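Model, not experiment: these values are computed from the prediction. Just so it is clear, the values below take in all heavy atoms, side chains as well, and ignore hydrogens, waters and symmetry mates.
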Amino acid sequence: MPQVNTNDKIKKVSINNFIRRSPRPPPKLLGKDLTIVLPTLNEEGNIASLIFSIKSILPGASVVVVDDSSTDNTASEINKIKKSQNILLIERRGKRCLTDSIQDGIDHSQTKYVAWMDADHSHPPKVLFKLYQAAKLNQCCVIASRYKDTANFTNTTGSFFARTFSFILNFLIYQILKLNVTDYTSGFVVLPRSFFDNFRLRGDYGEYFIHFSYYVNQAMSIHEISFKSPPRTSGESKTGGNFFSLAYRGVKYLKITVFILINERFKKNI
């Protein structure tokens with residue numbers, strides 16, 4: 001009978017016990033290195049329930065709500081819960097600009113990772129958790145995409161016309177910029193906060209995310225996670241749904257895309 005080294009047995013048992021008994025971070029600390037920026041405009045019917053949903057999944061995360069002079073009770077709803085939920089409320093009086101609101105929230109963040117998302121429940125907190133995990137694992141920018149999986153197209157929010165228009169627009173931008181991004185108007189992302197040490201968001205409503213995607217791609221890799229965007233649960237959409245408003249935005253998005261491309265090619269030729 002072959003001899004067994006009892007010391008080896010003891011080593012294996014000890015290592016196995018260590019693996020099983022190693023302390024795990026308390027659930028209340030989950031997300032402690034993440035700040036979530038929530039830009040709001042008249043979201044009184046959504047904001048409190050959204051924050052509770054986020055905190056149930058990432059209880060350690062910091063939440064910065066940046067309100068763009070809402071005319072409803074959005075700020076009041078936040079004030080009711082901000083002490084118990086570790087929330088910073090920034091009220092931008094007389095100012096309405098989505099891009100500046102997000103940047104203000106980022107400026108007030110002090111964590112290793114930062115995220116931003118819509119405050120109308122169209123960006124599910126469960127997906128936010130996946131973005132956060134992927135960003136930490138890969139040290140990269142992770143974007144939630146409605147178009148990475150085309151099966152999600154029929155299940156995402158908005159009218160068929162608006163969804164089709166957005167899909168075509170994103171496809172055109174993809175063909176021009178050739179990045180590993182399928183949703184250039186996502187607005188749902190997690191990435192290392194350090195990127196913003198030398199970069200600031202610029203542009204109006206949706207084109208800011210096109211500009212952001214292009215330049216973050218030069219600093220780090222971009223990953224996408226597919227998701228289905230549910231309809232808002234309360235209030236009205238800030239994105240116009242008729243042909244003229246969509247066409248107006250579409251032209252602006254394509255203009256900033258072409259501008260980025262021309263600008264980068266000009267730099268290369270200097």
Side-chain angles (χ1 to χ4, degrees), residues 25-129 131-133 135-136 141-142 144 186-202 205 208-209 212 216 232-235 238:
K28 66 179 180 179
L29 297 181
L30 189 60
K32 67 176 181 178
D33 55 355
L34 173 68
T35 296
I36 304 153
V37 179
L38 300 175
T40 58
L41 176 60
N42 297 334
E43 296 290 356
E44 66 172 321
N46 295 308
I47 189 63
S49 58
L50 175 64
I51 290 172
F52 286 133
S53 294
I54 291 172
K55 286 292 191 172
S56 69
I57 297 172
L58 293 164
S62 300
V63 175
V64 178
V65 180
V66 188
D67 187 64
D68 261 7
S69 297
S70 290
T71 56
D72 64 0
N73 295 314
T74 298
S76 298
E77 290 297 313
I78 299 165
N79 282 322
K80 291 177 184 176
I81 63 171
K82 69 178 184 180
K83 288 185 179 180
S84 63
Q85 298 298 320
N86 187 25
I87 302 167
L88 171 64
L89 171 61
I90 302 171
E91 296 185 73
R92 289 164 41 88
R93 300 293 186 185
K95 302 176 182 179
R96 285 189 177 176
C97 176
L98 174 66
T99 308
D100 290 346
S101 293
I102 297 170
Q103 185 63 61
D104 279 357
I106 294 170
D107 290 342
H108 283 81
S109 66
Q110 298 179 343
T111 50
K112 186 175 181 180
Y113 301 94
V114 66
W116 63 89
M117 60 193 291
D118 288 353
D120 60 1
H121 288 282
S122 63
H123 292 164
K126 288 183 179 179
V127 178
L128 172 65
F129 180 73
L131 301 180
Y132 168 64
Q133 283 187 312
K136 288 192 67 170
C141 173
V142 188
S186 167
F188 191 9
V189 61
V190 178
L191 73 157
R193 168 66 176 79
S194 58
F195 173 71
F196 294 98
D197 292 343
N198 299 296
F199 181 87
R200 295 188 70 80
L201 299 175
R202 54 177 291 190
Y205 199 75
Y208 88 88
F209 203 79
F212 160 77
V216 78
R232 65 168 39 245
T233 58
S234 177
K238 313 305 183 296

Mind checking what makes side chain to side chain donor-acceptor pair (under 3.5 Å) contact with [X], not counting sequence neighbours?
X    : result
D100 : none
K80  : E77
E91  : R93

Without placing hydrogens or testing angles, list every side-chain donor-acceptor pair under 3.5 Å for residues 81-89, not counting sequence neighbours.
| residue | atom | partner | partner atom | Å |
| --- | --- | --- | --- | --- |
| K82 | NZ | N79 | OD1 | 3.2 |
| S84 | OG | I81 | O | 3.1 |

Name all pairs fulfilling the side-chain hydrogen bond (donor to acceptor under 3.5 Å, both in side chains) condition that reach into residues 49-58, sequence neighbours left out, sorted by first residue then second.
S49-H121
Taking every non-hydrogen atom, the tightest pair across [X] and [Y]:
X    : Y    : answer
T99  : Y205 : OG1-N, 4.1 Å
A115 : L128 : CB-CD1, 3.9 Å
D68  : C97  : OD2-N, 2.7 Å
S101 : P39  : CB-CB, 4.1 Å

Once you round to the nearest 0.5 Å, how far does [atom1] of [X] lie from [atom2] of [Y]?
X    : Y    : atom1 : atom2 : answer
L201 : F209 : CG    : CZ    : 9.5 Å
L41  : T74  : CG    : OG1   : 7.5 Å
D104 : R92  : CG    : CZ    : 5.0 Å
F212 : C141 : CZ    : SG    : 4.0 Å
S70  : I47  : OG    : CD1   : 9.0 Å
W116 : S109 : CH2   : OG    : 10.0 Å

Derivation of the side chain to side chain contact (heavy atoms under 4.5 Å, CB included) call for F199 and V216:
CA-CA 9 Å; F199 181 87; V216 78; over 6 Å; no
Can you confirm whether [X] sits close enough to [Y] that some side-chain heavy atom of one is under 4.5 Å from a side-chain heavy atom of the other?
X    : Y    : answer
K136 : D33  : yes
V190 : L34  : yes
T71  : N42  : yes
L131 : M117 : no
F129 : L30  : yes
V114 : F195 : no
P125 : F52  : no

Just to verify, what does R200 make a salt bridge (charged side-chain N to carboxylate O under 4.0 Å, His left out) with, not counting sequence neighbours?
D107
Mark yes or no for whether [X], through its side chain, and [Y], through its backbone, hold a donor-acceptor pair below 3.5 Å.
X    : Y    : result
T111 : T35  : yes
R193 : I106 : yes
N73  : S76  : no
D118 : H123 : no
D72  : E44  : yes

Check I78, I102, I54 against L38 for a side-chain contact (heavy atoms from CB on, under 4.5 Å) and give me the one that passes.
I54
